[in-house]
Chemist: 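Take this structure, written in structure tokens, and hold onto it; I'll ask about it next.
A note on names: the letters A, B, ... follow the listed sequences, proteins ahead of strands, and every chain is numbered from 1.
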Number of protein chains: 2
Amino acid sequence: MKPKAKERMPTRIQKKNRAAILEAALNVFSAHGFRGATVDQIAAEAGLSKPNLLYYFPSKEAIHAALLSGLLDTWLDPLRALDENGDPLEEILAYVRRKLQMSKELPRESRLFANELVQGAPRIHDTLSSDLKALVDEKAALLERWMDQGRIARVHPYHLIFSIWSLTQHYADFDVQVRAVLGDEDPFEGAGPFIDTVYRKLLAP
Amino acid sequence: MKPKAKERMPTRIQKKNRAAILEAALNVFSAHGFRGATVDQIAAEAGLSKPNLLYYFPSKEAIHAALLSGLLDTWLDPLRALDENGDPLEEILAYVRRKLQMSKELPRESRLFANELVQGAPRIHDTLSSDLKALVDEKAALLERWMDQGRIARVHPYHLIFSIWSLTQHYADFDVQVRAVLGDEDPFEGAGPFIDTVYRKLLAP
DNA sequence: CGTGAGTTTGACCAGATGGTCAAATCACCA
DNA sequence: TGGTGATTTGACCATCTGGTCAAACTCACG
């Protein structure tokens, strides 16, 4: 039997409104940063009045925190998927491609994190040096094993990971700049093959 | 004889205070973004009262604009220095090294631009699609010529330039993340050789 | 020195912003 | 259908923020 929960099930309306708020907040926070976003703006975009929005989340901070922690997993999933048992180069290329695809399909999420990081990550610093560091340590060790086995070329494993982040997220985070330079050309059209080549040549044993 | 200028020479005090304000503004804007920075904060950091600061610059916007336009040249100088007459690979590697050094020595400047770009560059969009685009077009054409001559491997020249920007500026813009993962290790220690290797392997004809 | 330009400041303002609250309205089901 | 808890809102508040202004002060130079 179900132990009676202190917290009740979320109602249909709660589910709908919470989702609408997070969606709107993602738009606004990713476009203007935490400080640049206003509660009114988020409320308007979610189709709610400000007091109504604050009925669902206790504060602006809370919305932001909910967004970040809710998205962090999604964000790191591709790295988690790096599989010890796969072919090293193909595993890494798959990771790169997934990350680039995320830049294309989830640019708001990327910019949300970029905004936070570029300003010193005041609200997620702890998560970075615990969860993120642990995951990267683990995967860097895997990369190092592959290098020891001569299955990919030897490079600094941490900087290899950083390079994948920077090369792929660049297209989401600095989208305006990329488009200003490229004009009409679709950035991802050329980026995919380019980055692919980078890692094929870099990691060829 | 000197034509009498409508505008007088800046006094000693003007020079000192303008410089102090821009220095303080660079600190504050790069750490908090335009919206997150307050005039009081900048004034305090510059050792002036708010009204006094606004005696030297007419508005917060004006300080930000002065900073950006003053720094844009510095920022693009390394790319401008890419020399048609040098050895292609060495020229590109020199560009990469200069950019990485700038990330190390001028991280505030890098983050100032990063903050602006990640939020859609509302205040420098025009400069990007005119000046920046023109410069990149010119240098991309040079890279293409080098490729035509078989002096470096053929890759998408624009994405080659983007990759240099992203790989190097990553270490300034996302400094907290890099340090959270690396712990005590100096990021630039490993980044230099790593990025060097990337471009040597990528561009070997 | 005295004087006018250059510099500094306390007091102030209007608008924006995050957040509160009591009252009104709505949705569900016994 | 009535009642109860969930939802919504208009009015309001305190604080922050960019910016103004007149008055006071300082400096350089004749």
Chemist: Between A:H64 and A:F29, how do the two ring planes meet: parallel, tilted or perpendicular, split at 30° and 60°?
Modeler: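 Aromatic pair A:H64/A:F29 classed perpendicular.
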Chemist: Is there side-chain contact between B:L143 and B:Y158, with at least one heavy-atom pair below 4.5 Å?
Modeler: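 A side-chain contact under 4.5 Å is absent here.
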Chemist: Rounded to whole angstrom units, what separation is found between the CG atom of A:L53 and the P atom of C:dT17?
Modeler: 15 Å
Chemist: For the pair made of NZ in B:K15 and P in C:dG6, what is the distance, rounded to whole Å?
Modeler: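 About 16 Å, once rounded to whole Å.
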Chemist: So, is B:S49 near the phosphate of C:dT9, with a side-chain N or O under 4.0 Å from OP1 or OP2?
Modeler: yes
Chemist: OP1 or OP2 of D:dT8 sitting under 4.0 Å from any side-chain N/O of A:Y55?
Modeler: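 Negative; the distance criterion is not met.
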Chemist: Could you walk me through whether A:R98 and A:D77 pass the salt bridge (Lys or Arg N to Asp or Glu O under 4.0 Å) check?
Modeler: CA-CA 10 Å; A:R98 250 176 261 132; A:D77 266 345; over 6 Å; no
Chemist: Are any side-chain N or O atoms of B:E109 and backbone N or O atoms of B:W75, one a donor and one an acceptor, separated by less than 3.5 Å?
Modeler: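 No; zero donor-acceptor contacts below 3.5 Å.
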Chemist: What is the distance, rounded to the nearest whole Å, between atom CZ of A:F29 and atom P of C:dT17?
Modeler: 13 Å
Chemist: Please classify the nucleic acid contact of A:F57 as base, sugar-phosphate, or nothing, using heavy-atom distances under 4.0 Å.
Modeler: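 Answer is nothing: A:F57 stays at 4.0 Å or more from every strand.
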Chemist: Scan for ring pair (Phe, Tyr, Trp, His ring centres under 6.0 Å) pairs involving residues 119-143 of chain A, sequence neighbours excluded, and state none if there are none.
Modeler: none
Chemist: Between A:N52 and D:dT9, is there a contact of a side-chain N or O with OP1 or OP2 at under 4.0 Å?
Modeler: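 Indeed, a polar side-chain atom of A:N52 lies that close.
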Chemist: Is the B:H156 to B:F162 ring centre distance short of 6.0 Å?
Modeler: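 No, they do not, as the ring centres are separated by 6.0 Å or more.
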Chemist: C:dT7 phosphate, OP1 or OP2: any side-chain N/O from B:Q14 under 4.0 angstrom?
Modeler: yes
Chemist: Does a side-chain N or O from A:T11 land closer than 4.0 Å to OP1 or OP2 of D:dT7, or not?
Modeler: yes
Chemist: Less than 4.0 angstrom between a side-chain N/O of A:Y56 and OP1 or OP2 of D:dT8, yes or no?
Modeler: yes
Chemist: According to a strict under-4.0 Å criterion, is A:N17 in side-chain N/O contact with OP1 or OP2 of D:dT8?
Modeler: yes
Chemist: Have B:Y199 and B:S163 got a donor and an acceptor in their side chains that come within less than 3.5 Å?
Modeler: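 Result is yes, a qualifying pair exists.
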Chemist: Reading nucleotides 18-30 of chain C 5' to 3', which nucleotides get B (base under 4.0 Å from a protein heavy atom), which S (sugar-phosphate only), which -?
Modeler: BBBB-----SS--
